[in-house]
K.L.:
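Pasting a structure here, questions to come.
Basis for what follows: all heavy atoms, side chains included, without hydrogens, waters or symmetry-related copies.
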Amino acid sequence: MTTFVYPGSFDPVTNGHLDIINRASKICDKLIVVVSVNITKSPVFTVEERIEMLKLAIGDRKNIEVTSFSGLLVDFMKKVNAKTIIKGLRAVSDFESEMQMALLNRNLDNDIDTLFMMTSIENSFLSSSAVRELAAFGGKIDDLVPECIADIIYKKLRK
Ligand code: PNS
């Protein structure tokens, strides 16, 4: 059975993340979406809120699990017995930091590989930080995040 792990901050989940979740879930038996700690970022939403939004956005899908982990991703991979990390790439600008993370993870555990998927072109300009900024100032986010979570985002951020 192939288990893929899709880690990220998901602060909040966007249509770009969902695009990767949909694509990745088609090529594995089980996809684990894991809200992880990125120490270079200060998240706006709590881990619980981010999980709730992911679950609402994904819906009831038998081969997708949503969870969280605080620690090294390679330790989580061992815990769930997975060898493949899924990452989305929007543009060449993502590549440098993603390559660094992939090689750092491989350095920690040579059995683990990172598989990169390109987001669809209509999501290539999208980021969680842009969604947060738009929501904070009352901008339109309906076409950037799943409809069912837009109100949660506005409620938290609108000034
Ligand atoms: O959505 P993000 O913030 O780009 O995701 C980055 C994330 C959370 C996947 C990355 O920071 C991570 O893997 N954090 C867990 C800690 C870890 O294993 N760090 C070493 C790899 S760089």
Side-chain angles (χ1 to χ4, degrees), residues 3-25 31-59 61 64-80 82 84-91 93-105 108-109 112 114-120 122-159:
T3 302
F4 288 0
V5 170
Y6 181 32
S9 300
F10 304 110
D11 189 38
V13 60
T14 67
N15 286 342
H17 296 127
L18 275 177
D19 179 38
I20 297 297
I21 290 170
N22 287 332
R23 288 172 195 281
S25 67
L31 179 69
I32 306 178
V33 182
V34 60
V35 176
S36 318
V37 178
N38 179 342
I39 57 160
T40 67
K41 295 180 180 169
S42 314
V44 167
F45 292 92
T46 65
V47 169
E48 291 72 26
E49 287 169 333
R50 286 179 273 161
I51 288 181
E52 185 201 349
M53 287 188 280
L54 275 163
K55 284 188 173 166
L56 283 170
I58 293 167
R61 305 259 293 271
I64 307 179
E65 240 178 60
V66 180
T67 188
S68 65
F69 186 73
S70 164
L72 284 176
L73 184 59
V74 292
D75 291 335
F76 178 78
M77 300 294 288
K78 263 189 211 109
K79 193 177 139 209
V80 297
T84 308
I85 299 167
I86 284 284
K87 282 299 195 81
L89 287 178
R90 289 164 297 191
S93 50
D94 283 338
F95 183 75
E96 206 171 317
S97 60
E98 290 299 343
M99 184 175 85
Q100 187 186 23
M101 275 193 256
L103 293 179
L104 281 170
N105 283 324
L108 292 170
D109 187 336
I112 289 175
T114 305
L115 202 62
F116 293 101
M117 300 187 92
M118 298 302 302
T119 38
S120 51
E122 62 269 27
N123 292 317
S124 60
F125 60 91
L126 234 179
S127 68
S128 296
S129 57
V131 167
R132 292 196 303 271
E133 192 161 314
L134 284 169
F137 298 115
K140 188 163 133 15
I141 59 165
D142 320 39
D143 51 347
L144 310 182
V145 300
E147 215 182 305
C148 55
I149 68 163
D151 276 349
I152 301 176
I153 298 170
Y154 279 128
K155 220 175 248 169
K156 179 99 178 183
L157 289 164
R158 198 150 181 185
K159 296 186 193 303

K.L.:
Has Arg90 got a side-chain atom pairing as donor or acceptor with Thr119's backbone, closer than 3.5 angstrom?
P.N.:
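Looks like no, no N/O pair under 3.5 Å.
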K.L.:
May I ask you to decide if the ring planes of Phe76 and Phe69 are parallel, tilted or perpendicular, using 30° and 60° as cut-offs?
P.N.:
tilted
K.L.:
Output, in order, the C-alpha distance, side-chain angles, deciding distance and verdict of salt bridge (charged side-chain N to carboxylate O under 4.0 Å, His left out) for Asp19 and Arg23.
P.N.:
CA-CA 6 Å; Asp19 179 38; Arg23 288 172 195 281; 2.9 Å; yes
K.L.:
Should Phe10 and Ile51 be marked as a side-chain contact (heavy atoms from CB on, under 4.5 Å) after you check the CA-CA gap, both sets of side-chain angles, and the distance that decides it?
P.N.:
CA-CA 9 Å; Phe10 304 110; Ile51 288 181; over 6 Å; no
K.L.:
Using side-chain heavy atoms (C-beta onward) and a distance below 4.5 Å, is Leu89 in contact with Glu98?
P.N.:
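SC-SC contact between Leu89 and Glu98 confirmed.
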K.L.:
Would Val13 and Val33 count as a side-chain contact (heavy atoms from CB on, under 4.5 Å) if you check the C-alpha gap in whole Å, the side-chain angles of each, and the deciding distance to 0.1 Å?
P.N.:
CA-CA 11 Å; Val13 60; Val33 182; over 6 Å; no
K.L.:
Assess the residue pair Ile152 and Glu52 against the criterion (side-chain contact (heavy atoms from CB on, under 4.5 Å)); give the C-alpha distance rounded to whole Å, side-chain angles, the decisive distance to 0.1 Å, and a yes or no.
P.N.:
CA-CA 10 Å; Ile152 301 176; Glu52 185 201 349; 4.1 Å; yes
K.L.:
For Leu72 and Lys78, what are the C-alpha separation, side-chain angles and deciding distance, and is it a side-chain contact (heavy atoms from CB on, under 4.5 Å)?
P.N.:
CA-CA 10 Å; Leu72 284 176; Lys78 263 189 211 109; over 6 Å; no
K.L.:
What is the minimum heavy-atom distance between Ala57 and Leu18, and which atoms define it?
P.N.:
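In terms of heavy atoms, the two residues are closest at CB-CD1, 3.9 Å.
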K.L.:
Is there side-chain contact between Thr14 and Asn123, with at least one heavy-atom pair below 4.5 Å?
P.N.:
no
K.L.:
Distance-only criterion, 3.5 Å: show the donor-acceptor pairs between side-chain atoms of residues 131-151 and protein atoms not counting sequence neighbours.
P.N.:
from: Arg132; atom 1: NH1; to: Asp11; atom 2: O; distance (Å): 2.6
from: Arg132; atom 1: NH1; to: Asp11; atom 2: OD2; distance (Å): 3.4

K.L.:
How many angstroms lie between atom CG of Leu115 and atom CD1 of Ile85, to the nearest 0.5 angstrom?
P.N.:
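Taking CG in Leu115 and CD1 in Ile85, the distance rounds to 10.5 Å.
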